[in-house]
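For ligands, and for the atoms within them, numbers begin at 1 and follow the listed sequence.
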Amino acid sequence: MTTNDQLFERARQVIPGGVNSPVRAFRAVGGTPRFIARAQGAYMWDAEGTQYIDYIGSWGPMILGHGHPAVLEAVQKAAVEGFSFGAPTEREVELAEEIIRHVPSIEQVRLVSSGTEAGMSAIRLARGATGRSKIIKFEGCYHGHADALLVKAGSGLATFGHPTSAGVPAEVVQHTLVLEYNNVEQIEEAFKTHGPEIACVMIEPIAGNMNFVRAAVPFVKRIRELCDQHGALFIFDEVMTGFRVAPGSAQSLYAAAIPGFRPDISVFGKVIGGGMPLAAFASSRRIMAHLAPLGGVYQAGTLSGNPVATACGLATLREISRPGFFDALGAKTRALVDGLKGAADAAGVPFCVDSQGGMFGFFLMPELPQNYTTVMTTDQPRFNRFFHGMLDRGIYLAPALYEAGFVSAAHTDADIAATVAAAAEVFRTL
Ligand SMILES: Cc1ncc(COP(=O)(O)O)c(C=O)c1O
């Protein structure tokens with residue numbers, strides 16, 4: 001048998017850090033990443049044959065669990081018909097129609113291959129449509145690794161940011177303003193200073209890249225008003241929340257709380273591909289008309305709308321559209337977080353939780369944080385002990401405290417109970 005250690009050592013010879021996406025390397029929590037050999041339903045098995053209950057779900061896409069029969073069948077059929085044609089297919093139209101059917105704010109969809117590509121293209125579209133350069137994002141929100149988005153806040157309010165990655169020239173981020181999440185005063189100030197130059201405001205409506213932090217309803221409402229007053233576009237990055245927190249995605253939750261609310265551009269990924277490389281950005285017909293071949297904003301992709309990926313995404317969306325799907329998933333996720341909270345309380349560990357649909361977060365602190373600075377006050381060594389305690393008991397949580405967790409339709413009550421029982425043991429050791 002090849003061990004995880006041996007595979008990691010071999011991987012590090014030929015792949016930088018041994019991984020193809022940094023968080024997989026377990027740097028935040030220490031230890032050896034598990035090399036996954038296969039997965040089925042709610043479980044994954046590593047190279048050593050150890051079984052885990054999976055709460056990552058490929059970081060969001062696997063909402064049905066692994067190897068759902070209807071999805072497998074659709075993918076196998078599509079693979080036989082052809083991997084890629086570089087020409088339009090009916091399935092792309094069907095997938096666009098299926099996405100639009102659930103999300104009233106959008107009339108047209110452009111399919112791409114990753115959330116990064118979708119986010120980057122959405123910003124280009126917003127800039128092209130408004131003829132403006134400046135963009136606003138929020139600290140702790142991740143929208144993919146496009147140059148202009150790898151930015152941390154400037155030294156003062158309404159100053160432009162600094163690159164967070166080597167290889168990103170300061171000039172490339174000079175138009176990116178980074179503000180505090182849930183801070184109404186800051187965004188008002190930013191619009192007061194730069195209003196006529198702002199092309200768009202981009203947000204994760206429930207930020208899953210600082211664990212799980214909701215944008216407060218008054219905050220979202222105020223951004224909508226400011227965008228309308230100043231002619232800027234409001235972009236909802238629903239790569240993580242799209243078709244994960246509700247059938248109509250996170251925007252449906254804000255539309256229920258703010259009459260008439262809709263974002264101008266939406267970005268999707270993860271669930272709409274069901275685990276295959278597929279993402280999308282979408283908007284009204286008027287805004288999407290700026291895209292090539294209709295308009296002057298260029299955007300393209302050899303594998304965009306790939307026939308196998310669209311088959312996977314379409315089969316996934318059809319399954320989650322079944323009546324009662326989100327009620328059941330939401331109840332399951334709540335049972336998990338309530339169980340974890342109960343176990344933490346019993347052990348006297350400060351702990352708070354939140355969840356929506358099949359997405360959840362927990363913090364080793366007494367109250368839910370509202371922004372990135374507070375999230376980062378979490379006791380990191382304590383989180384790491386919790387993570388490893390759970391992993392040793394066969395529970396695979398995200399290997400970093402700033403990541404959300406995901407429950408799938410395949411998780412059973414017994415899986416949830418086993419997870420809570422493991423947590424009760426681990427909390428007593430923290
Ligand atoms: C909210 C959000 N936007 C964009 C991305 C980037 O997507 P991808 O990793 O598919 O490039 C992610 C990835 O986790 C994400 O969570």
Honestly, is R382 close enough over F386, meaning NZ or CZ under 6.0 Å from the six-membered ring centre and within 45° of the axis?
no
Using distance alone, decide if ligand 1 has a nitrogen or oxygen within less than 3.5 Å of any nitrogen or oxygen in H143.
no
Proximal atoms of ligand 1 relative to D237 (non-hydrogen, under 4.0 Å):
1 (C), 2 (C), 3 (N), 4 (C)
For G144, counting its heavy atoms only, list the atoms of ligand 1 lying under 4.0 Å from any of them.
4 (C), 5 (C), 6 (C)
Please tell me if atom 9 (O) of ligand 1 is touched by the protein, where touching means a protein heavy-atom distance below 4.0 Å.
no
Close approach of K270 to ligand 1, heavy atoms, under 4.0 angstrom
yes
Counting heavy atoms only, name the option from A404, A146, G115 that's nearest to atom 7 (O) of ligand 1.
G115
At a 4.0 Å cut-off, with the gap strictly under it, does some heavy atom of Y142 reach an atom of ligand 1?
yes
Quick check on contacts: which atoms of ligand 1 are under 4.0 angstrom from a heavy atom of E204?
1 (C)
Which protein non-hydrogen atom lies closest to atom 16 (O) of ligand 1, naming both residue and atom, and how far is it?
N209 ND2, 3.0 Å
Contact list for residues 116-134, test salt bridge (charged side-chain N to carboxylate O under 4.0 Å, His left out), sequence neighbours left out
K134-E197
Give, for atom CZ of R91 and atom CD of E97, the distance between the pair rounded to the nearest 0.5 Å.
13.5 Å
